[in-house]
Amino acid sequence: MDASLQVMDTTRWGIIGAGWIANTMAADFPLVRNAELTAIASRKVGKAQALATKHRVPKAYGSYMELLDDPDIDVVYIATPHPHHRDIALAAIERGKAVLVEKAFTATHAGAVDVVEAARAKGVFCMEAMWTRFLPAIAAAREVVAWGRIGEVLGVQGDLCAYREFDPNHRLFSEETAGGAILDLGVYVISFAQSFLGEAAQIGCVGRLAPNGADNAASIAIRHTGGGLSTLACGFDGHGPARMAIYGTKGWIELAPRFHHPTTLSVHRSGVLPRIIEANMMGRGYAHEINEVSQRILAGDTESAIMPLSDTLEVMRVMEECLAQLGITHQEADLNIS
């Protein structure tokens, strides 16, 4: 880690990508005291300028390399389509910049391994942008489990369905952008289950395909190495509650819909009235993730204990196995940047 960061109290960020998620993320930066958004890059300079103007960001670049070569940026948030993550992250890491990589982390497990190995070799901070792990309600669920309130955790059940009309040219369905429900929605439910139950020992996946062969919906059953079971669903072709439950030998926890941006959870125990816990989030919820990254970097850490790289690799492995069972294989894009 650059020695200059050890005396700083603020991290300087750049965003690569100027789409919906970049806009949503940018809106939460003013809520974080130790992070400053200083630049936005897009391959279309007009998009970068428009987003920079909207969020009062001082710099806008019309190429990724301009941002990556900016010496005034400490952290790069990568908000491009899945297959572009690997090459952009590798280029940022090569320049000694910390990276926060939007989920899914990459298009393939091998691509994720490439990024993780590069970050560890360079000694720079790297994390998947699984922002939900840092939300107060999910942090509260972890505490309830740690206190033993629901006993031994036996399983996780949940879904994340978000209806989207089929459009073969949209990134959510396009083969070129590794479209499909598993990488876009399944990553949430699989990561949630993995965080409470650990590695997968056995994985089963069935699904429905869109007319172009993209995974439109999936039902996933996992037996975890510790004996826990998770039953998970995701899909673009229907509506669902997006409810998540953690169950154990003494009770269960339910995160109210929609679980990926919850404000309340309920704890149920046999013979005891349910306990409702309110845990509001800042802004759209991304501020908690930004704060975690900044705190870790300023502390000289290279990973987050809440979202470690080992978890990212495991979730990528599970998703790739699910896709394989549906007959789907994704590829990383070759962006020719270095």
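Keep in mind it's a predicted model, so treat the numbers as computed, not measured.
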TODO: List the steps, then state whether side-chain contact (heavy atoms from CB on, under 4.5 Å) holds for Ile150 with Val145.
DONE: CA-CA 6 Å; Ile150 64 167; Val145 168; 4.2 Å; yes
TODO: Let me see the working for Val187 and Glu128 under side-chain contact (heavy atoms from CB on, under 4.5 Å), right down to the final yes or no.
DONE: CA-CA 11 Å; Val187 64; Glu128 179 185 2; 3.7 Å; yes
- [ ] Begin with the C-alpha distance, continue with both residues' side-chain angles, and end with the deciding distance and a verdict on side-chain contact (heavy atoms from CB on, under 4.5 Å) for Ile15 and Phe29.
- [x] CA-CA 11 Å; Ile15 295 179; Phe29 269 89; 4.3 Å; yes
Open item on the list: The test is side-chain contact (heavy atoms from CB on, under 4.5 Å); show your working for Phe134 and Asn291 and say whether it passes.
Closed with: CA-CA 9 Å; Phe134 304 96; Asn291 182 62; over 6 Å; no
TODO: Determine, stepwise, if the pair Gln194 / Asp311 fulfils side chain to side chain donor-acceptor pair (under 3.5 Å).
DONE: CA-CA 7 Å; Gln194 188 274 336; Asp311 284 13; 3.1 Å; yes
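Residues Cys126 and Ala119 share a closest heavy-atom pair of CB-CB, 3.6 Å. Here the shortest heavy-atom pairing between Lys47 and Ser42 reads CB-OG, 4.0 Å. In this structure, Leu197 and Gly228 approach most closely via the heavy-atom pair CD2-CA, 4.1 Å. In terms of heavy-atom proximity, Pro241 sits nearest to Arg258 at O-CG, 3.9 Å. In this structure, Tyr61 and Val45 approach most closely via the heavy-atom pair C-CG2, 4.2 Å. Of all non-hydrogen atoms in Leu183 and Ala104, the two that sit nearest each other are O-CB, 3.7 Å.
With hydrogens and angles ignored, the 3.5 Å screen pairs a side-chain donor or acceptor of His170 with a backbone N or O of Leu172. Within the 3.5 Å criterion, the main-chain N or O of Asp70 finds a donor-acceptor partner in the side chain of Lys97. Between the Asn34 side chain and the Ser294 main chain, no donor and acceptor come within less than 3.5 Å of each other. Formation of a donor-acceptor pair under 3.5 Å by the Thr38 side chain with backbone atoms of Trp13 is found in this model. Thr106 places a side-chain N or O within 3.5 Å of a backbone atom of Ala112 that can act as its donor or acceptor partner. Looking only at distances, a side-chain donor or acceptor of Asn212 sits under 3.5 Å from a matching main-chain atom of Phe173. Side chain of His85 to backbone of Phe105: a donor-acceptor contact under 3.5 angstrom is found. Within the 3.5 Å criterion, the main-chain N or O of Asp72 finds a donor-acceptor partner in the side chain of Arg12. In this structure a side-chain-to-backbone donor-acceptor pair under 3.5 Å is missing from Thr263 to Glu278.
Atom CD of residue Glu303 and atom OG1 of residue Thr312 lie 8.5 Å apart, to the nearest 0.5 angstrom. Interatomic distance, Ile21 CD1 to Thr80 OG1, rounded to the nearest 0.5 Å: 12.0 Å. The structure places CD1 of Ile88 at 10.5 Å from CE of Met65, a figure rounded to the nearest 0.5 Å. Distance OG/Ser304 to CE/Met307: 8.0 Å, rounded to 0.5 Å. Note: Met130 CE to Ser191 OG = 4.0 Å, rounded to the nearest 0.5 Å. The CG atom of Asn280 sits 11.0 Å away from atom CG of Leu135, with the distance rounded to the nearest 0.5 Å.
Within the 4.5 Å cutoff, side-chain heavy atoms of Leu67 are placed close to those of Ile73. A heavy-atom distance below 4.5 Å is found between the side chains of Ser230 and His224. Side-chain contact between Ile328 and Leu209: present, with at least one pair of heavy atoms (C-beta onward) separated by less than 4.5 Å. Looking at heavy atoms from C-beta onward, Val113 lies in side-chain contact with Leu313 at the 4.5 angstrom threshold. Side-chain contact between Asp184 and Arg171 is present, with heavy atoms from C-beta onward closer than 4.5 Å. Within the 4.5 Å cutoff, the side chain of Arg43 has heavy atoms near those of the His84 side chain. Side-chain atoms of Leu185 and Cys161, non-hydrogen and from C-beta on, never get closer than 4.5 Å to each other.
When the options Glu332, His82, Met316 are evaluated for a side-chain contact (heavy atoms from CB on, under 4.5 Å) with Thr108, the one that passes is Glu332. Checked options Ile138, Leu255, Ile276; the residue passing with Leu265 is Leu255 (criterion: side-chain contact (heavy atoms from CB on, under 4.5 Å)).
A salt bridge links Glu314 with Arg317; the closest basic N to acidic carboxylate O contact falls under 4.0 Å. In summary, Glu289 and Arg133 do not engage in a salt bridge, as defined by a charged side-chain N under 4.0 Å from a carboxylate O. A salt bridge between Arg243 and Glu254 is present, with a side-chain N of the basic residue lying under 4.0 Å from a carboxylate O of the acidic one. Looking at Glu292 and Arg296, a side-chain N of the basic residue comes within less than 4.0 Å of a carboxylate O on the acidic one, giving a salt bridge.
When the side-chain hydrogen bond (donor to acceptor under 3.5 Å, both in side chains) test is applied to Glu175, no partner is found at least two apart in sequence or on another chain.
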Please table the atom pairs, donor to acceptor, closer than 3.5 Å between any side-chain atom in residues 213-220 and protein atoms at least two apart or in another chain.
| residue | atom | partner | partner atom | Å |
| --- | --- | --- | --- | --- |
| Asp215 | OD2 | Ala181 | N | 3.0 |
| Asp215 | OD2 | Ile182 | N | 2.7 |

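Listed by first and then second residue, the salt bridge (Lys or Arg N to Asp or Glu O under 4.0 Å) pairs involving residues 140-155 amount to none (not counting sequence neighbours).
Other residues, nucleotides and ligands contribute more than 12 heavy atoms inside 6.0 Å of the CZ atom of Arg120. For CZ of Arg208, the number of neighbouring non-hydrogen atoms (other residues, nucleotides, ligands) closer than 6.0 Å is 12 at most.
Under 3.5 Å, the side chains of Asp28 and His288 contain no donor-acceptor pair of N or O atoms.
Ring-plane geometry between Trp131 and His261 is classed as parallel, the angle between the planes falling under 30 degrees on a 0 to 90 degree scale with a further cut at 60.
Between Phe192 and Phe196, the ring center distance clears the sub-6.0 Å criterion.
Leu31 and Leu100 end up in different hydrophobic clusters when Ile, Leu, Val, Met, Phe, Trp and Tyr side chains are linked at under 4.5 Å.
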